[in-house]
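Working notes, structure below.
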Amino acid sequence: MLDIKVVRENPTTVRENLAKRNNPELLSMFDELIGYDREWRRLFTESNTLRESRNRVTEEIAKLKKQGRDASAKIEEAAEIPQKIKNVELGMNRNREKMDHILMKLPNLLDDSVPFGLDDSGNVTIRSWGEPTRFAFKPKDHIDLALALDLIDMERAAKVAGARFYYLKKDLVRLNFALIIYGLDFMVDRGFVPFQPPYMMKKKVIEGAVALSDFEDTIYKIEEEDLFLLATAEHALLGLHTDEILEGKSMPLRYCGVSPCFRKEAGAHGRDTKGIFRVHQFEKVEQFTFCRPEDSTKEHELLIKNAEEFFQSLKLPYRVVNVCTGDLGAVAAKKYDLEVWLPGQEKYREAVSCSNCTSYQAVRSNVRYRDRLNDPTAYVHTLNSTLVATERALVAIMENYQGEDGHIEIPHLLIPYMAGLEIIKPPKRA
RNA sequence: GCCGGGAUACCCUAGCCUGGUAGGGGGCUGGCUUGCUAAGCCCGUGUCUCGAUAGGGACUCGGGGGUUCAAAUCCCCCUCCCGGCGCCA
């Protein structure tokens with residue numbers, strides 16, 4: 001959410017930035033917001049004046065009573081004021097609600113380095129690492145590989161839970177945990193504090209993190225409770241400091257979260273319907289930073305560098321794209337995607353999403369900082385990035401590490417996490 | 001789930017019964033004074049808003065309603081914490 005103070009003080013700058021989103025509706029909403037705010041401030045002053053007069057009369061009544069004198073005239077005078085205040089404040093609240101409604105819908109201000117584009121075809125590749133893996137044979141996709149090795153059961157998962165669910169089996173279960181624990185160690189080595197967060201959260205916490213439209217499309221609700229299943233550890237890590245004032249010298253606060261993620265994937269019908277690439281449930285090691293506003297650009301580069309080094313350590317070829325205006329969500333000011341090479345699809349596919357949310361989440365969640373106790377407070381900046389979403393990494397490992405006979409090698413660094421297992425072999429034929 | 005006790009500013013605490021400017025201590029900040037392993041005194045300490053400035057005003061006692069000229073205080077609802085009972089992998 002944009003800070004109403006910033007909007008009030010720099011309306012022209014904010015309006016010009018919103019114009020880059022190529023959505024005229026945003027601009028008319030913005031203009032309405034300015035009008036509501038002006039009216040709100042007028043009413044605020046009015047109610048303030050009324051309260052002042054009430055307080056004054058009330059004090060006089062107290063004084064008269066203390067002296068044992070008759071205060072009935074003053075009480076009569078004061079009796080009319082509360083209704084007037086109520087009326088004015090009713091108008092104030094109406095304006096405030098309209099303002100909040102608009103503020104919750106307006107997207108973050110875009111960073112200047114975000115390229116213009118209408119959709120994901122406008123994303124700009126800024127670097128790539130490794131060459132797309134080539135094979136002397138026709139490589140299989142992860143589904144064929146996993147079914148042949150009996151590592152995934154999709155049919156029974158559909159029976160038990162429906163489409164986009166899966167059973168991992170046998171060594172693939174161990175490989176999944178190997179990735180999680182390796183990812184966790186990788187982050188701890190870099191000084192990130194690990195968290196295993198609550199897997200359910202209150203609505204208010206999620207509202208502090210996401211665009212409202214995400215509720216319907218991605219987030220599962222628990223019936224009869226004010227609880228929602230975690231869509232990413234990002235939300236729970238942000239929630240750690242809701243309504244807090246952080247010490248300036250404690251920042252940057254670098255956290256990592258390990259958790260399952262639950263997503264509805266509404267609106268993704270027909271896309272990636274097979275296998276475990278796009279599913280309702282997956283595990284993820286997530287990076288999250290709270291930092292000073294002036295440090296967030298640098299911090300963004302650090303997070304994407306961590307993700308890149310993780311994929312490099314697994315020798316998985318990838319490229320990094322700078323996500324363009326048309327493909328960027330409401331929350332991020334700038335976003336990098338790391339796309340890993342999938343030989344089975346002969347495509348780079350999104351494996352990591354790394355966002356600088358600047359003060360957008362901090363305003364919504366009310367996370368501020370100050371250097372010294374009596375200093376004024378300011379909103380922090382927040383950033384988040386996947387380190388590894390393990391099911392997508394499993395897809396990448398299976399496809400990039402396959403052999404002609406259908407075996408899958410274990411990436412070197414993961415072997416110790418697999419109790420020494422080096423290769424997943426096809427069952428022997430009789 | 002049931003019964004009881006709590007939540008006051010950055011921290012601790014008084015005030016609640018009996019409604020009338022939220023008091024004290026610590027910390028921090030700025031200043032003054034003394035002069036040496038430091039001490040004393042004074043201003044300030046959160047949020048919003050009006051104002052060019054100086055400065056003014058409002059709000060803030062876990063959250064939300066209500067009663068009242070006036071609510072930390074009285075009434076209702078909710079959240080969280082502590083203790084006991086129950087249930088429990």
Side-chain angles (χ1 to χ4, degrees), chain A residues 1-11 33-100 102-103 196-208 221-228 236 238-251 253 260 290 359 362-380:
Chain A
M1 175 159 83
L2 302 179
D3 183 357
I4 185 67
K5 262 196 205 166
V6 171
V7 172
R8 211 175 266 155
E9 284 162 20
N10 317 285
L33 176 68
I34 297 288
Y36 290 136
D37 181 51
R38 195 171 295 135
E39 178 66 3
W40 180 86
R41 277 183 294 162
R42 189 185 70 76
L43 292 170
F44 179 87
T45 308
E46 199 178 323
S47 99
N48 224 332
T49 312
L50 284 168
R51 280 172 179 276
E52 186 192 353
S53 60
R54 186 198 62 186
N55 290 349
R56 208 177 43 238
V57 179
T58 294
E59 256 174 66
E60 286 168 16
I61 292 168
K63 214 175 280 174
L64 288 174
K65 287 213 170 180
K66 218 176 249 175
Q67 296 167 352
R69 290 160 63 188
D70 175 42
S72 55
K74 286 285 173 194
I75 289 178
E76 208 171 298
E77 183 190 337
E80 301 166 4
I81 303 178
Q83 190 56 45
K84 284 185 194 165
I85 295 178
K86 222 171 240 181
N87 288 340
V88 173
E89 294 192 344
L90 219 74
M92 265 172 73
N93 290 341
R94 266 199 297 269
N95 267 67
R96 174 58 81 176
E97 272 169 35
K98 285 174 185 164
M99 286 163 65
D100 286 344
I102 294 174
L103 279 169
Q196 191 172 350
Y199 297 163
M200 296 177 212
M201 301 184 311
K202 298 175 184 180
K203 181 165 194 173
K204 194 174 162 254
V205 176
I206 305 182
E207 274 176 347
K221 184 178 186 350
I222 307 294
E223 265 197 75
E224 315 275 331
E225 309 246 14
D226 177 29
L227 284 174
F228 296 79
L238 171 68
L240 276 169
H241 295 306
T242 297
D243 291 327
E244 290 186 14
I245 298 171
L246 306 174
E247 266 186 76
K249 65 169 183 270
S250 72
M251 292 192 295
L253 289 170
F290 295 87
S359 61
V363 173
R364 283 168 91 116
S365 297
N366 193 28
V367 186
R368 293 165 295 168
Y369 79 99
R370 67 181 155 217
D371 288 310
R372 290 182 303 182
L373 208 52
N374 297 337
D375 283 357
T377 61
Y379 288 108
V380 302

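Nothing here was measured: the structure is a model prediction, and the numbers come from that model. Lettering of chains follows the sequences in order, A, B, ..., and the numbering in each one begins at 1.
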| request: Using only side-chain N and O atoms of A:N55, determine if any of them is under 4.0 Å from OP1 or OP2 of B:U21. | output: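 No, no such contact exists.
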
| said: Measuring to OP1 and OP2 of B:C59, would you say a side-chain N or O of A:R51 lies under 4.0 angstrom away? | reply: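 Answer is yes, contact under 4.0 Å.
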
With rounding to whole Å, what would you report as the distance between [N] and [M] at their [atom1] atoms?
| N | M | atom1 | value |
| --- | --- | --- | --- |
| B:C77 | B:A89 | P | 34 Å |
| B:A7 | B:A14 | C1' | 15 Å |
| B:C61 | B:C69 | C1' | 22 Å |
| B:U73 | B:U68 | C1' | 13 Å |
| B:C76 | B:G4 | P | 13 Å |
| B:U49 | B:G62 | C1' | 26 Å |
| B:C48 | B:A38 | P | 39 Å |

| Are any of the side-chain nitrogens in A:R51 or A:E89 under 4.0 Å away from the carboxylate oxygens of its partner? |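 Yes, this pair counts.
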
| field | Check ion pair A:D37-A:R42 (N to O, under 4.0 angstrom) | value |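 No.
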
Measure from [atom1] on [X] to [atom2] on [N] and round the result to the nearest Å.
| X | N | atom1 | atom2 | value |
| --- | --- | --- | --- | --- |
| A:E244 | B:C80 | CD | P | 17 Å |
| A:K204 | B:C80 | NZ | P | 13 Å |
| A:R56 | B:U21 | CZ | C1' | 15 Å |
| A:L50 | B:A58 | CG | C1' | 12 Å |
| A:I85 | B:G57 | CD1 | C1' | 13 Å |

Once rounded to the nearest 0.5 Å, what's the spacing between atom [atom1] of [X] and atom [atom2] of [Y]?
| X | Y | atom1 | atom2 | answer |
| --- | --- | --- | --- | --- |
| A:N366 | A:I245 | CG | CD1 | 8.0 Å |
| A:Y369 | A:S250 | OH | OG | 11.0 Å |
| A:L43 | A:R94 | CG | CZ | 9.5 Å |

| message | Dot-bracket for RNA chain B, please. Rules: Watson-Crick or G-U, both distances under 3.5 Å, ( ) within the strand, [ ] when a pair crosses earlier ones, | for another strand, . otherwise. | response | ((((((((.[[[[.)....(..]]]]((.(((.......))).))(((((....)))))..[[[[[..)....]]]]])))))))....

Validation: residues 71-81 of chain A side-chain donor-acceptor distances under 3.5 Å, sequence neighbours left out:
from, atom 1, to, atom 2, distance (Å)
A:S72, OG, A:D70, OD1, 3.1
A:S72, OG, A:D70, OD2, 3.0
A:K74, NZ, A:E60, OE1, 2.9

| Excluding sequence neighbours, so at least two apart, what forms ring pair (Phe, Tyr, Trp, His ring centres under 6.0 Å) with A:Y379? |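 A:Y379 satisfies ring pair (Phe, Tyr, Trp, His ring centres under 6.0 Å) with no other residue.
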
Mind listing the N/O atom pairs, protein and nucleotides 65-75 of chain B, below 3.5 Å?
from, atom 1, to, atom 2, distance (Å)
B:C69, O2', A:T58, OG1, 3.4

Is the side chain of [X] donor-acceptor paired with the backbone N or O of [Y] at a distance under 3.5 Å, no angle test?
| X | Y | value |
| --- | --- | --- |
| A:T242 | A:G239 | yes |
| A:R370 | A:E247 | no |
| A:D226 | A:K203 | yes |
| A:K202 | A:I206 | no |

| task | Decide yes or no for A:L2 and A:V6: does some side-chain heavy atom of the first lie under 4.5 Å from some side-chain heavy atom of the second? | result |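 No, their side chains stay 4.5 Å or more apart.
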
| said: Could you tell me if the side chain of A:V7 sits less than 4.5 Å from the side chain of A:L33, heavy atoms only? | reply: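 A side-chain contact exists here, since the closest heavy-atom pair is under 4.5 Å.
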
| field | Contacting residues from residues 89-98 of chain A, given that a heavy atom lies under 4.0 angstrom of RNA chain B | value |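 None, since no heavy atom is under 4.0 Å.
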
| Nearest-nucleotide 5' precedence on RNA chain B, A:K202 against A:S47 |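 Nearest-nucleotide comparison on RNA chain B picks A:S47.
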
| request: Run the ring-centre check on A:W40 versus A:Y36 and record whether the distance is less than 6.0 Å. | output: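 Aromatic pair excluded; centres sit 6.0 Å or further apart.
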
| request: Do nucleotides 47-55 of chain B as a string where each nucleotide becomes B, S or -: B if the base has a protein heavy atom under 4.0 Å, S if just the sugar-phosphate does, - if no protein is that close. | output: SBSS-----

